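Scroll down for the structure; my scribbles are underneath it.
Everything quoted here is computed from the prediction, not taken from an experiment. Naming: A, B, ... by sequence-line order, numbering from 1 per chain.
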Amino acid sequence: MLKTLVKRSFAKAWHKLEDDERINKRIAVVEVERSSRPEFGDFSSGIALAEAKNTTLSAHELATEFANALSTDITAELYSQVEIAGPGFVNVFLAPSLIHSALREILEMGDRFGYSTTGQEKPVQVEFVSSNPTGPLTVGHGRQAVLGDVLASLYTTLGYKVSREYYFNDEGHQIDLLAQSLWARYRQEFGDKTSIPEQGYQGEYIVDIARQLAKEPGPSVADFDEQTANRFKQEAISRISLMIKNDLDLLGVKFDSWFSEQTLHHSGEVTAALEALKACGGVYEREGAIWLKTEENQGVKDSVLVRGDGRPTYLMVDIAYHINKHRRGFVHVINVQGADHQVEQSCMRAAMRILGYPEDFLDYAVHQFVSIREHEKITRMSTRAGKFILLNDLLDELGRNVVRYFMVARKPTSHLEFDIDLARTQSLDNPLYYIQYAHTRIASIFRRVGSPALSPQVDLRPLEKREELDLIKQLDRFPEMLQQAAFEFSPHLVADYALTLARAFHAYYDSYRVLGDQERLTTARLALLRGVQIVLHRSLQLLGLSIPEEM
RNA sequence: GCGCCCGUAGCUCAGUUGGACAGAGCAGCGGUUUCCUAAACCGCAGGUCAGAGGUUCGAAUCCUCUCGGGCGUACCA
């Protein structure tokens with residue numbers, strides 16, 4: 001990577017200066033950044049500006065000294081030029097031969113380009129969606145599904161051993177309500193007037209399931225005794241789970257494991273978790289309930305773990321779940337959640353502190369909600385008010401690729417306004433197709449020349465146009481971008497990057513002909529296109545989008 | 001009231017961790033095709049980065065306050 005090389009060179013040059021008595025200042029890291037505009041070179045450093053006050057020199061004098069020290073690397077063919085600009089920035093222009101070496105590296109790596117060993121195969125879990133099996137997924141869940149999926153892919157690329165998990169809340173009050181709702185609908189199939197409980201589930205899908213159950217052979221069940229309640233609970237859960245899994249399948253999201261809340265109750269892990277918290281002095285009793293000491297542990301607000309009637313709260317069970325995760329050996333657990341769970345997050349972090357887990361064990365990738373805009377009308381999602389759009393309907397209408405792209409292209413912490421009209425009627429201007437089309441154009445050229453094998457040793461010197469060198473520098477940035485996208489939980493950077501790369505490619509394609517009669521030039525340009533193709537392919541793959549050869 | 005997120009072009013959003021004259025897509029206007037896929041390219045127009053202070057050599061970015069929007073503040077899950 002070019003930045004690594006430049007960084008090394010800058011550090012070396014700076015350390016030469018440190019012996020100068022006028023400077024005499026050791027600093028750990030010499031910051032290097034990519035220049036914001038072409039006239040400022042490829043990389044620049046503002047170190048002279050920042051450090052001048054610690055020396056007897058002015059910023060400009062210090063910059064001059066630094067630039068002099070750097071210029072020995074011109075002869076080493078690292079830079080073509082070193083400049084001082086503005087109040088004391090030092091800008092370097094990379095030598096073409098160095099830029100060519102970056103492309104050579106990409107050709108050598110091929111499809112492995114962008115992968116790294118940063119993660120050292122450490123086990124990481126990404127838990128996401130985890131929607132209650134009380135109904136089908138909404139578009140909000142869809143956003144989370146795509147974010148979690150891409151985040152998991154990013155961590156895999158960085159060399160972590162990633163496991164995607166879905167936590168099923170298949171126990172508790174909501175599930176009981178679900179069973180009662182299903183029972184009521186079931187009785188209605190037999191002409192009964194049984195009504196759905198207050199706060200029960202009204203959705204049509206419950207009627208469908210009831211209808212299926214009513215058609216099954218055997219005597220109809222007339223009493224809602226414990227056995228019946230249990231049976232309807234399991235029927236509801238298993239059938240709704242299937243709907244959820246089907247939706248996720250359509251979205252192209254696959255999980256490695258489905259964790260059932262029920263198992264935590266049955267195995268005694270909930271009780272054990274409470275004991276563990278007690279042993280660490282993390283709980284107290286008040287008004288007949290057991291509370292977690294959240295506030296003492298940097299949390300927002302204490303909350304109930306065990307109710308007055310002895311039943312554990314959702315939080316209690318969730319803590320048991322996280323103890324389970326820890327026991328399974330994950331060094332890092334990333335929970336993808338909506339913005340409405342902040343209190344729970346704060347409690348969970350407090351619980352982890354009480355139990356003495358490392359600070360970086362648990363992390364939350366938080367995202368804002370989705371609203372749908374259609375015919376100038378904005379619909380906010382609200383399950384309670386029965387106002388929500390199903391993920392399934394959106395997928396039906398727009399297809400996996402478009403839905404995934406729109407869900408991931410926005411910064412997670414920003415509210416996502418999903419413009420259906422745009423996604424629908426203006427699909428030809430959709431950025432997704434723009435990116436895919438770039439890949440298609442390259443594939444078409446390679447089809448024409450019969451996909452030649454391009455050795456990394458190919459002579460790249462004919463690549464001397466500004467656009468060509470710029471494209472290579474773009475490609476070189478890919479691994480850095482991936483790290484940032486993963487560690488900052490910002491998968492949208494990948495979408496953004498792919499769009500920028502596609503734009504640079506389309507402009508290049510229109511200005512220069514790749515296939516010409518000068519063989520050396522053609523071969524070099526094909527090598528460049530191979531590089532672009534590799535990176536576009538990797539980007540689309542990470543986002544879970546299809547990679548068309550033709551459009 | 002308190003806590004978290006957000007406020008950037010007509011609309012939807014980026015902004016490389018504090019850098020040098022603020023960027024894209026869409027919408028608007030005007031151009032480009034005997035040539036590797038025009039689902040493309042080029043140009044024009046469009047912004048007091050919500051507002052006011054502060055820190056800094058340097059702020060859309062960090063701090064404080066104000067205004068505006070979303071979410072939360074359950075012995076629900």
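Both A/Gln174 and A/Leu49 sit near RNA chain B, but only A/Leu49 has its closest nucleotide nearer the 5' end. Mapping A/His506 and A/Thr313 onto RNA chain B via the closest heavy atom, the residue that lands nearer the 5' end is A/His506.
Rounded to whole Å, the separation between the C1' atoms of B/U73 and B/U61 comes to 29 Å. Taking atom P in both B/U8 and B/G70, the straight-line distance is 15 Å, to the nearest Å. Taking the P atom of each, B/G31 and B/G58 are spaced 48 Å apart, rounded to whole Å. Taking atom C1' in both B/U48 and B/G7, one finds a spacing of 15 Å when rounded to whole Å. B/C4 sits 14 Å from B/C62 when the P atoms are compared, rounded to a whole Å. Nucleotides B/G69 and B/A50 place their C1' atoms 11 Å apart, quoted to the nearest Å. For the C1' atoms, the distance linking B/A27 with B/C44 amounts to 15 Å, nearest Å. Nucleotides B/C63 and B/G3 place their P atoms 14 Å apart, quoted to the nearest Å.
The side chain of A/Val304 lies closest to B/C75, out of B/C71, B/A77, B/C75. For A/Ser44, the side-chain atoms get nearest to B/A20 when compared with the rest of B/G3, B/G15, B/A20. Among the nucleotides B/A38, B/C76, B/U16, the one closest to the side chain of A/His173 is B/C76. Taking the side chain of A/Arg307 as heavy atoms from C-beta on, and the options B/G72, B/A77, B/C36, the nearest nucleotide is B/A77.
The separation between A/Gln345 atom CD and B/C4 atom P is 13 Å, rounded to whole Å. Spacing between atom CD of A/Gln342 and atom P of B/G70 amounts to 16 Å, rounded to whole angstrom units. Going from atom CD of A/Gln337 over to atom P of B/A77 covers 15 Å, rounded to whole Å. Rounding to whole angstrom units, CG of residue A/Leu499 and P of B/A39 are separated by 17 Å. One atom, CG of A/Asn430, and another, P of B/C13, lie 15 Å apart when rounded to the nearest Å. At whole-Å resolution of the value, CZ in A/Arg503 and P in B/G23 are 13 Å apart. Atom OH in A/Tyr508 sits about 19 Å away from atom P in B/C35, given to the nearest Å. One interatomic measurement links the two molecules: CG of A/Asp302 to P of B/U73, which rounds to 16 Å at whole-angstrom precision.
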Report each atom pair, protein N/O against N/O of nucleotides 5-10 of chain B, whose distance is under 3.5 angstrom.
{"from": "B/C5", "atom 1": "O2'", "to": "A/Gln368", "atom 2": "NE2", "distance (Å)": "3.2"}
{"from": "B/C5", "atom 1": "O2'", "to": "A/Thr413", "atom 2": "O", "distance (Å)": "2.9"}

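Put simply, the residue from A/Glu467, A/Glu468, A/Lys465, A/Arg503 that forms a side chain to side chain donor-acceptor pair (under 3.5 Å) with A/Tyr508 is A/Glu468.
Annotation: side chain of A/Leu432 is in contact with side chain of A/Leu545 (closest heavy-atom distance under 4.5 Å). You'll find the side chain of A/Asn335 stays beyond 4.5 Å of the side chain of A/Glu344, heavy atoms only. Residues A/His506 and A/Ile435 form no side-chain contact, since every pair of their non-hydrogen atoms from C-beta on lies 4.5 Å or further apart.
Taking the six-membered ring wherever Trp is involved, the centroid distance between the rings of A/His367 and A/Phe489 does not fall below 6.0 Å. You'll find the ring centres of A/Tyr167 and A/Tyr321 inside the 6.0 Å limit.
Not one side-chain nitrogen or oxygen of A/Arg34 sits closer than 4.0 Å to the OP1 or OP2 atom of B/G19. For B/C36, neither phosphate oxygen OP1 nor OP2 lies less than 4.0 angstrom from any side-chain nitrogen or oxygen of A/Arg447. In this structure, A/Tyr434 reaches the B/C41 phosphate: one of its side-chain N or O atoms is under 4.0 Å from OP1 or OP2.
Look at A/Phe40 and the base of B/A20; the rings stack, centres closer than 5.5 Å and planes less than 30° apart.
Counting non-hydrogen atoms under 4.0 angstrom, A/Arg37 reaches a base of the nucleic acid. Among the heavy atoms of the strands lying under 4.0 Å from A/Ala50 is at least one base atom, whether or not backbone atoms are also near. Nucleic acid contact for A/Arg513: base, since at least one base atom lies under 4.0 Å from a heavy atom of the residue. Counting non-hydrogen atoms under 4.0 angstrom, A/Glu39 reaches a base of the nucleic acid. Counting non-hydrogen atoms under 4.0 angstrom, A/Leu305 reaches nothing in the nucleic acid. A/Glu480 comes within 4.0 angstrom of nothing in the nucleic acid, heavy atoms only. Nucleic acid contact for A/Ala85: base, since at least one base atom lies under 4.0 Å from a heavy atom of the residue. At a threshold of 4.0 angstrom between heavy atoms, the contacts of A/His492 are confined to the sugar-phosphate backbone, with no base atom among them. The residue A/Val343 sits close only to the backbone: its heavy atoms come under 4.0 Å of sugar-phosphate atoms, none of a base. Within 4.0 Å (heavy atoms only), A/Glu549 reaches at least one base atom of the nucleic acid. The residue A/Gly46 sits close to a base: some heavy atom pair falls under 4.0 Å. When heavy atoms are screened at a 4.0 angstrom cut-off, A/Glu33 is found touching base atoms of the nucleic acid.
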Table please: side-chain donor-acceptor pairs of residues 492-502 of chain A below 3.5 Å, with sequence neighbours left out.
{"from": "A/Tyr497", "atom 1": "OH", "to": "A/Gln474", "atom 2": "O", "distance (Å)": "2.8"}
{"from": "A/Thr500", "atom 1": "OG1", "to": "A/Asp496", "atom 2": "O", "distance (Å)": "2.9"}

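For the atom pair A/Leu147 CG and A/Arg410 CZ, the distance stands at 12.0 Å (nearest 0.5 Å). Note that the CG atom of A/Leu315 and the SG atom of A/Cys347 stand 5.0 Å from one another [nearest 0.5 Å].
Side-chain atoms of A/Asn169 and A/Gln174 include no donor-acceptor pair closer than 3.5 Å. Using a 3.5 Å distance cut-off with no hydrogens or angles, the side chains of A/Asn401 and A/Tyr433 do not pair a donor with an acceptor.
Looking only at distances, no side-chain donor or acceptor of A/Ser130 sits under 3.5 Å from a matching main-chain atom of A/Tyr166. A donor-acceptor contact shorter than 3.5 Å links the side chain of A/Thr313 to the backbone of A/Leu305. Although no hydrogens or angles enter the test, the distance criterion places a donor-acceptor pair under 3.5 Å between the side chain of A/Ser346 and the main chain of A/Val300.
Interface residues of residues 282-297 of chain A facing RNA chain B, ordered by number: A/Glu287, A/Ala289; criterion, heavy-atom separation under 4.0 Å.
Take A/Glu165 and apply the salt bridge (charged side-chain N to carboxylate O under 4.0 Å, His left out) test, not counting sequence neighbours, and it matches A/Arg328.
Within the structure, every pair that satisfies the ring pair (Phe, Tyr, Trp, His ring centres under 6.0 Å) test and touches residues 47-67 of chain A, not counting sequence neighbours, is listed here: A/Phe10-A/Phe66, A/Trp14-A/Phe66.
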(message) Both atom distances under 3.5 Å, Watson-Crick or G-U wobble: I'd like the secondary structure of RNA chain B as a dot-bracket string, with | for pairs made across strands.
(response) (((((((..((((.....[...)))).(((((.......))))).....(((((..]....))))))))))))....
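Residue A/Asn91 places a side-chain atom within donor-acceptor reach of the base of B/A20, judged by atom type and a 3.5 Å distance cut-off alone.
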